[in-house]
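As structure tokens, the structure follows; a few thoughts come after it.
Whatever order the structure lists ligands and atoms in, that order sets their numbers, starting from 1. Hydrogens, waters and symmetry mates are skipped; everything else that's a heavy atom, side chains included, is used.
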Amino acid sequence: MSKAKILYIEDNSDSMTLVKRVLEIEGYEVISADTGREGLAKAFDNRPDIIITDINLPDIDGYEITDTLKKDKLTAHIPIIAMTANVMKKDREHVIQAGCDGFISKPIDIDELPTQVENFLRGKTNDTHSNSRKLS
Ligand code: MN
């Protein structure tokens with residue numbers, strides 16, 4: 001089985017290069033976009049398995065991207081992971097309230113990143129407590 005297709009939306013070229021390299025080494029197909037609008041267009045065109053998005057982008061931000069994609073039935077099912085430098089609990093809650101399925105903190109821990117992405121692809125979110133109560 002081929003590995004998942006990941007759309008990564010990021011305007012910082014250093015982060016883009018680093019994350020793309022780490023994920024491609026893991027065998028993922030990485031589609032990149034460096035603006036919010038390009039990210040939205042590529043989400044609709046490529047229907048990735050998961051989207052990782054920066055929050056602060058030059059045109060539309062990660063919250064608006066999330067809102068647009070979650071409202072469209074073609075893309076509503078795609079997990080969206082926010083990559084954010086905001087470490088405050090309240091900022092993390094904001095990310096989840098905006099409709100994101102999880103978050104990855106910046107600075108990016110490249111040793112942790114593959115596991116984080118794999119967990120999100122398996123449907124695990126940062127809210128592990130509520131998930132573990134699932135009935136079988
Ligand atoms: Mn940014």
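- The pair D49-K3 does not count as a salt bridge, with every side-chain nitrogen at least 4.0 angstrom from each carboxylate oxygen.
- Counting heavy atoms from C-beta on, the side chains of L57 and I9 come closer than 4.5 Å.
- With no hydrogens or angles considered, a side-chain donor-acceptor pair links S105 and R92 at under 3.5 Å.
- For D67, the side-chain hydrogen bond (donor to acceptor under 3.5 Å, both in side chains) criterion is met by K71, not counting sequence neighbours.
- Under the ring pair (Phe, Tyr, Trp, His ring centres under 6.0 Å) criterion, the residue pairs touching residues 94-114 are Y63-H94, with sequence neighbours excluded.
- The distance cut-off of 2.8 Å around the Mn ion (ligand 1) captures these protein N, O or S atoms, sorted by chain and number: D11 OD1, D54 OD2, N56 O.
- For residues 17-27, the salt bridge (Lys or Arg N to Asp or Glu O under 4.0 Å) pairs, not counting sequence neighbours, are K20-E24.
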